[in-house]
Peer 1: 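Can you read through this structure? Questions will come right after.
Order of the sequence lines sets the chain letters (A, B, ...), proteins ahead of strands, with each chain counted from 1.
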Number of protein chains: 2
Amino acid sequence: MQPRKAEADRTFIETARRAQIVDAAIDTIAEVGYSRASLGRIAARAGISRGLISYHFTGKEELITEILRGVIEQSRAYMLPRITAQSTGPGMLRVYIESNLTFIREHRNHLIAIVEIARHRIAEGAPRGLPDHEPDQAVRALAQLLARFQKSGDLRSDFDPRAVAIAIRAAIDVAPARLSADPQFDIDSYAQDIIQVFDLATRTAD
Amino acid sequence: MQPRKAEADRTFIETARRAQIVDAAIDTIAEVGYSRASLGRIAARAGISRGLISYHFTGKEELITEILRGVIEQSRAYMLPRITAQSTGPGMLRVYIESNLTFIREHRNHLIAIVEIARHRIAEGAPRGLPDHEPDQAVRALAQLLARFQKSGDLRSDFDPRAVAIAIRAAIDVAPARLSADPQFDIDSYAQDIIQVFDLATRTAD
DNA sequence: GCCTTTCTTGGCTGCACAGCCAAAAATTTA
DNA sequence: TAAATTTTTGGCTGTGCAGCCAAGAAAGGC
């Protein structure tokens, strides 16, 4: 499951093709769902032959991994500075939810695709009791943030940060599916409502 | 996609076999995931031949529908009386979350299976812009409950009941996947934390 | 007991897919 | 321009699956 060669060695064409294939794969998964997104369909959308994907990627696995890697990297780059800029608990929580949902709105298909991938990975690929899957990492990171502000007295301390982190991630991760199923869904007003919910739930009674 | 015959006409054997196959299908889906749960695997678990499933069900579709029908019926029977027994907004909300999560704990595999099915149905089966899928019904029903108590002044009225309903359902629906991925996950304490979150978020400031 | 109906098996067919490969086309190098 | 290399195509192979069916086994009616 290694890339075919080191990134630095890639030709211009190879780099461009890989990007083109990744984009086609994201749009295909977002449109027809993970398990209908065959290499044939992805190739058709990119306007190339099936074999070409096998030439540029060692297998479907590497293609999917590349999608995850790229999108996660982009979302980190967008959200992390915004979140760490906040110094108060409620502020951090607001910006955490807000930046997540803004990123989802602005990268609709990318997020629909990785949520699709994550679901199938959790459900099937995983032999039960796997070490570390992606959603767990997000939950753990958020739980740590919450715990830190609990300790500093900036958030109420009578809740389990892990449980609340699970609920917050669940509320965020459901948004891409909503977006794709319901064109009416207004993600910005959803964001505001969710922010209020978790603000009221975690804010110290002062 | 109709059942082979009216329910009343079924022989003893047919009824027993259908139940046996449904049970095997639920356990298989819960164990290996939806898309690895082939008729062959389900038959193997039930200790019967593949063809027998085709004899008792018109197709895989009917089998899946039967699973959904049964589990939804059971969960309604468990939860509905408990929820309608509550007369206050906060009480309703507490019992709604509690009875959902208790039912999940007591019917682990059943719930893992239907969440699996629902995910794949949303993601793939659905031509975009479908009329009514199951999770939407649950969200809509909960949103109506919330709206009713908002109008009677029993819950704060500065949130969109639909958005909060989506968040509550998301927090509940994530539990089966957590259960199957993480044996450590304590669903009862999770329930208590989630109850507190949404209680604080929706309770009128009195 | 025999005959009919119900039940069950295992094999067959066709489909969709991922991965592989030989050869053609395009591009680069000498 | 010729040779070498990279890129691309389309077909082939094996796998896993759902649905179908002929024939056998079991159960029930007469």
Side-chain angles (χ1 to χ4, degrees), chain A residues 1-22 24-25 28-29 31-67 116-117 120-121 123-125, chain B residues 1-22 24-25 28-29 31-67 116-117 120-121 123-125:
Chain A
M1 307 298 159
Q2 317 272 355
R4 247 167 37 103
K5 41 173 115 163
E7 251 181 77
D9 291 349
R10 290 195 189 125
T11 41
F12 174 77
I13 287 183
E14 179 151 20
T15 306
R17 278 283 186 230
R18 284 178 68 99
Q20 178 197 20
I21 292 168
V22 164
T28 304
I29 293 173
E31 187 179 323
V32 305
Y34 182 84
S35 58
R36 282 187 185 168
S38 64
L39 294 184
R41 264 189 251 268
I42 293 168
R45 176 175 295 257
I48 59 177
S49 75
R50 280 159 282 145
L52 195 50
I53 297 181
S54 299
Y55 176 72
H56 287 289
F57 293 88
T58 55
K60 197 176 189 180
E61 196 55 29
E62 196 208 333
L63 173 54
I64 298 299
T65 304
E66 179 85 1
I67 294 173
E116 274 287 286
I117 293 168
H120 284 254
R121 285 281 176 84
E124 292 141 37
Chain B
M1 305 301 158
Q2 317 271 356
R4 249 165 39 102
K5 40 173 119 165
E7 250 180 79
D9 292 349
R10 292 198 187 122
T11 36
F12 173 76
I13 286 183
E14 179 151 21
T15 305
R17 279 282 186 228
R18 284 178 66 99
Q20 177 197 22
I21 293 168
V22 165
T28 305
I29 293 173
E31 186 180 324
V32 304
Y34 181 83
S35 58
R36 282 188 184 168
S38 64
L39 294 185
R41 266 189 249 268
I42 293 168
R45 177 174 294 255
I48 58 178
S49 75
R50 280 160 285 146
L52 195 52
I53 297 181
S54 300
Y55 177 74
H56 288 290
F57 294 88
T58 55
K60 197 176 189 179
E61 196 56 29
E62 197 208 331
L63 172 55
I64 299 299
T65 305
E66 180 85 1
I67 294 174
E116 274 286 288
I117 292 168
H120 284 254
R121 285 283 176 85
E124 294 142 34

Peer 1: DNA chain C: G59(A) or G47(B), which has the more 5' nearest nucleotide?
Peer 2: G47(B)
Peer 1: Measure the shortest side-chain to side-chain distance between L39(B) and L63(B) over non-hydrogen atoms and say whether it is less than 4.5 angstrom.
Peer 2: yes
Peer 1: Pick base, sugar-phosphate or nothing for S49(A), based on heavy-atom distances below 4.0 Å to the nucleic acid.
Peer 2: base
Peer 1: Give the minimum heavy-atom separation between A24(A) and A46(A), together with the two atoms involved.
Peer 2: CB-CB, 3.7 Å
Peer 1: Take the protein atom CZ of R50(B) and the nucleotide atom C1' of dC21(D), then report the distance between them rounded to whole Å.
Peer 2: 13 Å
Peer 1: Could you give the CD1-to-P distance, from I48(A) to dG10(D), as a whole number of Å?
Peer 2: 11 Å
Peer 1: Is the distance from OP1 or OP2 of dC17(D) to the nearest side-chain N or O of R41(B) less than 4.0 Å?
Peer 2: yes
Peer 1: What is the distance from CG of L39(B) to P of dC20(D), rounded to the nearest Å?
Peer 2: 12 Å
Peer 1: For the residue pair T58(A) and E62(A), what are the closest heavy atoms and their distance?
Peer 2: N-OE1, 2.8 Å
Peer 1: May I have the distance from I42(B) (atom CD1) to dG19(D) (atom P), rounded to whole angstrom?
Peer 2: 11 Å
Peer 1: To the nearest angstrom, how far is R36(A) atom CZ from dA18(C) atom P?
Peer 2: 14 Å
Peer 1: Heavy atoms only: give me the nearest K60(B)-A37(B) pair and the separation to one decimal.
Peer 2: NZ-O, 3.1 Å
Peer 1: What's L52(B) touching, base or sugar-phosphate or nothing? Going by heavy atoms closer than 4.0 Å.
Peer 2: base
Peer 1: Report for the helix from dG1(C)-dC30(D) to dA30(C)-dT1(D): angle between first-end and last-end helix axes, five pairs each, rounded to 10 degrees.
Peer 2: 10°
Peer 1: Are the charged groups of R45(A) and E31(A) less than 4.0 angstrom apart, N to O?
Peer 2: yes
Peer 1: May I ask you to verify if any side-chain N or O of Y55(B) is less than 4.0 angstrom from the OP1 or OP2 atom of dT8(C)?
Peer 2: no
Peer 1: Assess, by modelled atom type and distance only, whether the side chains of R41(A) and T28(A) contain a donor and an acceptor separated by less than 3.5 Å.
Peer 2: no
Peer 1: Please tell me which of the listed nucleotides, dC20(C), dC17(D), dT8(D), lies nearest to the side chain of S54(A)?
Peer 2: dC20(C)
Peer 1: In whole angstrom, what separates I64(A)'s CD1 from dC17(C)'s P?
Peer 2: 14 Å
Peer 1: In whole angstrom, what separates R17(B)'s CZ from dA26(D)'s P?
Peer 2: 13 Å
Peer 1: Respond yes when some side-chain nitrogen or oxygen of H56(A) is under 4.0 Å from OP1 or OP2 of dT8(D), and no when none is.
Peer 2: yes
Peer 1: Please give, in whole Å, the distance from dT8(C) C1' to I53(B) CD1?
Peer 2: 12 Å
Peer 1: If we ignore hydrogens and angles and just use 3.5 Å, is the side chain of E116(B) paired with the main-chain N or O of G33(B) as donor and acceptor?
Peer 2: no
